[in-house]
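We name chains A, B, ... by the order of the sequence lines, and we start the count at 1 in each one.
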Amino acid sequence: MEYNFSEIEQKWQANWKKNNTYKTEIDQNKPKFYVLDMFPYPSGAGLHVGHPLGYIASDIFSRYKRLKGFNVLHPMGYDAYGLPAEQYAIQTGQHPAVTTKKNIARYREQLDKIGFCYDWSREIRTCEPDYYKWTQWAFIQMFNHYFDTKLQKAQPIASLIKAFETSGTAGIEASCTEEMTFTAGEWKSKVEKDQQEVLLNYRIAYLADLKVNWCPALGTVLANDEVSEGVSVRGGHTVEQRVMRQWSLRVSAYAQRLLDGLGTVEWTESLKETQKNWIGRSEGAEMTFNIKGQDFNFEVFTTRADTIYGVTFMVLAPESELVKQLTTAEQATEVENYVAATKKRTERERIADRRVSGVFSGSYAINPVSGTEIPIWISDYVLAGYGTGAIMAVPAHDSRDYAFAKHFSLPIIPLIEGCDVSEESLDAKEGIMMNSGFLNGLTVKEAIAKAKEYISEKGIGRVKVNFRLRDAIFSRQRYWGEPFPVYYKDDMPYMLDESRLPLELPEIDKFLPTEKGEPPLGRAKNWTNEEGFPLEFCTMPGFAGSSAYYLRYMDPKNDKALVSTEANQYWRNVDLYIGGTEHATGHLVYSRFWNKFLFDLELICEDEPFKKLVNQGMIQGRSNFVYRIKDSNTFVSLNLKDQYETTQLHVDVNIVSNDVLDIDKFKNWLPDYANAEFILEDGKYVCGWAVEKMSKSMYNVVNPDDIVVRYGADTLRLYEMFLGPLEQSKPWDTNGIDGVHRFLKRLWTLFYKEENFIVTDEVPSAEELKILHKTIKKITFDIENFSYNTSVSAFMICVNELFALKCYKKAILEPLVILLAPFAPHISEELYQALGNNESVCDATFPICNEEYLKETSVKYPISFNGKVRFMLELPADMSKEEVEKTALANEQTIKQLDGNAPKKIIVVPGKIVNIVI
RNA sequence: GCCCGGAUGGUGGAAUGGUAGACACGAAGGACUUAAAAUCCUUUGGCUUUACGGCUGUGCGGGUUCAAGUCCCGCUUCGGGUACCA
C-alpha cells in the first residue's frame, strides 16, 4: 500500500469532525493549558504559506500538552472589523459584512486543510453582535470608572462624585487630563452639564478635545501605534495634527503597572524592551521658573536637574498655552507668524525637515537656583504633548539644545570638567561637575541626586515621573467597527443602559461621510436612543475587539457575562501566545491594559493576560527572475546574461523548479510571452533569484492549498517547521519540501510493504531501543524549547536508522507514532489505527525517555594535539580519567604525533575529549 | 541617532566552550526500469595529494583558554523596532 496522503488526510479530518475530537470542556480533574494564536484579519487575498507558521507551532504545542495529560484550550476566531473591507466597500458598494463573511469562509477552508486541533465550537468574530456586546459593555465600565493613583487601581466614578460632594478635589489622587481644584461648594453649584464635563476629566473612557492624528485619505483619526514616521501604517497615507473632540482610553494611568507587569511575564527580551521604550518611564523633576517682571511662573520637566547652572535659554512648544502669555508686544507679530507656519506643516514635514527654527518670545525667566535671567524662546523641537510642553535648555549637554544655541548664537556653558563643547554637545552622564555652584566637584550621578534633594527642599520643584505612553484615541470616523453605546444630551455623552446592548451597527446607504462631513453613521436612519437623543457617530478602532478576545474564548456563548467566574477561574489566562512582533506597541499594550482594568473590577482573576509569548518570524518570499534582452522578446539564461543588455523581470515561482524555468508554462503564463524566445545554457533556462517580501507583485506567493494538494498537510506542517528556527525570519523555497515528504514515505515503508502490514510483535534490540529513546529525549526537549526544526531532523535520523536496521517492531514504532502525532497528525492517526488502536492518537500518552537505554558501554574519544583532532580512540565508558590518559599516551599514534617530544600538559574530559599539549 | 536581532558550504540550516557543517535541498556518479517517475546506494566546504594524508575554514581585527562558531573588546555589514520624549 502506498502512502496516500490525500485519502488519509480527508479521512481523519472527517473523523475528527464527526467525533468532536477537539471539543474542549472544563475538566476539574485535569490541569488546564491555554494555547492561543493571534487571530487573523481575514483579508481578501487568503492565506499564503507564511501565515500558518505560528499556527502550526502552536498546534504542535497544544497536541503535545494534550498527550502530556493537560486539558488544552486551543481556540481560533477572526478579527473581523477593519479598514480593508470598508475601503473595498467604498470602491464597490459591496457591504463589508458580506466581504468579511466570504473571506472568513475562505480562511476557514484553508485552515481546515492543514489539520489544526482548534475547538471551532468556540469561534468568535469581533463583528458579531453577541461578541461586540462585550466590547461595548467594557467601554461602559471604563466610562463609569476612574483611576486612583494612590491605590493604583480603577474605582467607581460614583465614589469620586461622593468625594467631590463632601470635600471637592481635596485629597483626590486620580489620573486626569488636566489638574483641577475646586471645593465641595463649587462642585455643588455647578449645573449638570458642567459636572459631567469635570467627570470626563477623570473617567477611564473619556471624551476630550485632543490633538489627534487625522488621516484625510482614510477620513479618520488614528492612534499613535497606527502612525509611523508621519504616515498611516495601513496604506501609508499622510497624517496631520488636528484638535478634535474624541473618545480616549486613559491607558496612561496604567503606565506604571504595565511596566511592572513586564517583569512577571515570559516574553522575549526584545519584545519587553520595545514595550518598555513605548511606555517610556523617565524619572526627573518638575521645576518652577518665575518670569522677570511678571507675577507669573511656569514649570518644566527635566531628568537632569543637575544641569541647572547650564541653562542658557528656555523653549516653549509652539502649541503651548504659555506662548500667548509670554510673548511681549514687540515680538507678537514674529511669534504669531512662527506659530501659524508651524501649524500648517504636517507631522511628516516636521520630521523630514530637521532645520533649526524658532523665535524669541521677548520674555525672560529667572533661574531659580542661580538667579540668572534667561531668554524664553519658542521652537517646534519641543513637543506640546510631553512633560509640560516647555523645557530648560542646556546646550552644552543636549544635542538638540546645542544645535539651537549655535543657530541663534546663544551662550553655551560647559558643566563637566575637561569637556570640549566647541564642536558638539557632550550628552555623557559621567564626569565631575563644574560651573555649577554647590554641585561643583561632584560626579554627575551624585549631582543628580543632590540637585533633586535641593530643589524639593527649597520648594523650587518636585520629583516627578513622566511617561511617554499616551492615552489611546478610541474614536474612528468610519463605518465598519463597533458602535459606541453612547448618546448625547445637551452635548454631553451618556451611556446606554446595559440592557440595551448590543447596540447593533445600523445599515447605511453609502459607506462615506455625510455631506456635512460627519462620519458614515450620520447617514443611519433613526440613529437615536429610545428617548430620541442622538447616538454617537464614530465607531471603535481595530484594537477594541481584540483587547479581550482571549477571555471570551473561555466562555464564548455566555450571554450574561463576558466570561463566567467559573470559566475564568479554570482557564485563568493564556499560557502560551504565539504571534508576530508587529503587535508589540498596539494590541499587546491595549489588551494588557484592558485586562488590568477588568482585573481591578474583580471580574477576572489574572493581572496579566499572556504568561508566555513566542514571536514567530516572518516567512519571506523567494523570487525568481528572467532576463529579457532589451527591446526584444528573447530571454537569456542567468549565466549568459552578462553578454547582453538585459532587463530583470520577476517570474512566477510556481512555474520554476530548482531555478530552472518551465518554458512551456512560461509561454502560457502571460500573453506577452506566448512567442518568447530563449537563449539556454546546457539546454535549460536558469533563473536568478532573490529573497524579498512575499507579495503578489513579486510573483513569489505560494499558496498552502497547492502544497497540500501536491504533498499533503502533514508534509506542509513538517516542512514549515523544518525551514528553520521558529522566531527567525526565513525565505520560503518550495524546492526543499521533497526531503520531508520522502521522510514520511520512508516512515510508511516501516509499516507497509506492497499490500502487507509488516509490523511484528518481536522484542526490540538494545540498539533499537536506544534509537527510540534518544529520539524521545530529543523531541521532548525540542518541543519544550520550540526548536521544531531540530525535532524534524531528529525524526528523520530516527527513521533513517530504523530503516537501516529493517526494524518493523510495534514496541518501537508505536511510541514513535505518538511522538510524531503533534507534528503530523493525519499519518500518525492512520498508523496508530493500523497498529490496532481504536481511540484517537490525540488521547494516547506521550512516551517517556528511559535513560537506561541510552547508556553507552564505550566512548569514541577524539584525541587532539594542541586542539587539533588527529585520531579517534574507542575506550570503555567507565574508564577513569587517569586510565584514559595513560591509554591515550601509550597509543602508537600518539607516539607518532609526539615525535619524541614530551607532552607539556594533558587534558582529559571524561566521556568527551582528550587534548595533548606539546 | 538610540535600542534589539543576525552574519556558518551552491541553498535552508545544526552544533550544554570539547571531532564545525547534523538533518535536508541541490549537484555528480551508480543500481533498478524498454523508458520515465518512484525507490535504493555512493560522493559532495575550499585548496592539495594517485593514495594515506596535509593545509585551510563559521563577516573583519584583537584577546581570554589546553581548546572559541560559541566568552570578552573593537569594527564591518544586513535586518527589525523607535525617535526632536528634555
Side-chain angles (χ1 to χ4, degrees), chain A residues 2 228-229 268-278 280-282 284 300-304 307 315 317 350-351 354 356 379-383 385-394 397-401 403-404 427 466-470 581-582 584-585 615 617-618 620 622 657-660 689 691 718-719 722-725 727-743 745-746 749 781 787 789-797 800 803 860-872 903-909 911-918:
Chain A
E2 288 260 306
S228 179
E229 304 200 352
T268 59
E269 279 312 309
S270 70
L271 183 57
K272 286 200 267 189
E273 198 62 31
T274 305
Q275 244 186 45
K276 260 182 214 168
N277 292 340
W278 187 260
R281 184 184 197 272
S282 61
V300 300
F301 175 75
T302 178
T303 53
R304 297 289 304 275
T307 60
V315 187
R350 273 175 72 164
I351 288 166
R354 286 283 175 100
V356 175
S379 173
D380 65 359
Y381 84 91
V382 173
L383 302 177
Y386 186 77
T388 62
I391 60 150
M392 55 178 230
V394 185
H397 303 291
D398 181 285
S399 54
R400 298 153 303 180
D401 296 344
F404 194 85
D427 297 5
N466 236 315
F467 291 96
R468 201 186 79 104
L469 183 68
R470 299 276 77 109
T581 10
E582 68 272 21
T585 55
N615 289 123
M618 267 217 320
Q620 298 150 309
R622 186 182 187 278
S657 172
N658 287 319
D659 294 334
V660 174
W689 63 275
V691 173
L718 285 171
Y719 187 54
F722 187 64
L723 274 181
E727 327 79 57
Q728 208 171 291
S729 288
K730 58 245 160 187
W732 175 273
D733 182 2
T734 307
N735 290 314
I737 203 168
D738 291 300
V740 289
H741 192 62
R742 267 176 215 145
F743 154 71
K745 284 205 268 191
R746 184 169 268 198
T749 66
F781 180 84
S787 178
N789 55 328
T790 51
S791 307
V792 179
S793 305
F795 279 124
M796 288 173 170
I797 292 167
N800 286 346
F803 179 83
K860 269 189 185 152
Y861 278 94
I863 311 298
S864 55
F865 296 82
N866 292 337
K868 286 185 184 180
V869 176
R870 288 294 125 132
F871 64 95
M872 303 299 286
K904 281 192 195 130
K905 199 171 176 183
I906 296 137
I907 283 108
V908 177
V909 183
K912 282 274 188 237
I913 201 167
V914 177
N915 191 17
I916 298 167
V917 186
I918 307 171

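Regarding the sugar-base torsion, B:rG53 falls in the anti class, its angle being beyond 90° of 0.
When the C1' atom is used for both B:rG21 and B:rG12, the distance is 13 Å, rounded to whole Å. With both ends at atom P, the span from B:rG17 to B:rG54 equals 29 Å, rounded to whole Å. Using P as the reference atom, B:rU70 and B:rC60 are 11 Å apart when rounded to the nearest Å. As rounded to the nearest Å, B:rC47 and B:rC73 have P atoms that lie 37 Å from one another. Comparing the P positions of B:rU58 and B:rC4 gives an interatomic distance of 27 Å, to the nearest angstrom. Using C1' as the reference atom, B:rU39 and B:rU77 are 45 Å apart when rounded to the nearest Å. To the nearest whole angstrom, the two C1' atoms, one in B:rG26 and one in B:rG74, are 39 Å apart. B:rG69 and B:rA22 have their C1' atoms separated by 15 Å, given to the nearest Å.
Heavy-atom distances to RNA chain B give each of A:Asp733 and A:Glu273 a nearest nucleotide, and the one nearer the 5′ end belongs to A:Glu273. Both A:Lys860 and A:Tyr719 lie near RNA chain B, and the one whose nearest nucleotide falls closer to the 5' end is A:Lys860.
Aromatic ring orientation, A:Tyr386 versus A:Phe301: perpendicular (interplanar angle above 60°, classes split at 30° and 60°). Below 30°, between 30° and 60°, or above 60°: for A:Tyr719 and A:Trp732 the angle between ring planes is above 60°, a perpendicular geometry.
A sub-4.0 Å separation between OP1 or OP2 of B:rC55 and a side-chain N or O of A:Arg870 is present. Distances shown here put every side-chain N or O of A:Lys745 at or beyond 4.0 Å from the OP1 or OP2 atom of B:rA38.
Between A:Phe467 and A:Trp278, the gap from one ring centroid to the other reaches at least 6.0 Å.
With hydrogens and angles ignored, a donor-acceptor pair under 3.5 angstrom links the side chain of A:Lys912 to the base of B:rU16.
A:Arg746 forms a cation-pi arrangement with A:Phe803, by the criterion of a distance under 6.0 Å to the ring centre and an angle within 45° of the ring axis.
For A:Ser793, the listed nucleotide lying nearest its side chain is B:rA22; candidates were B:rA22, B:rG54, B:rG18.
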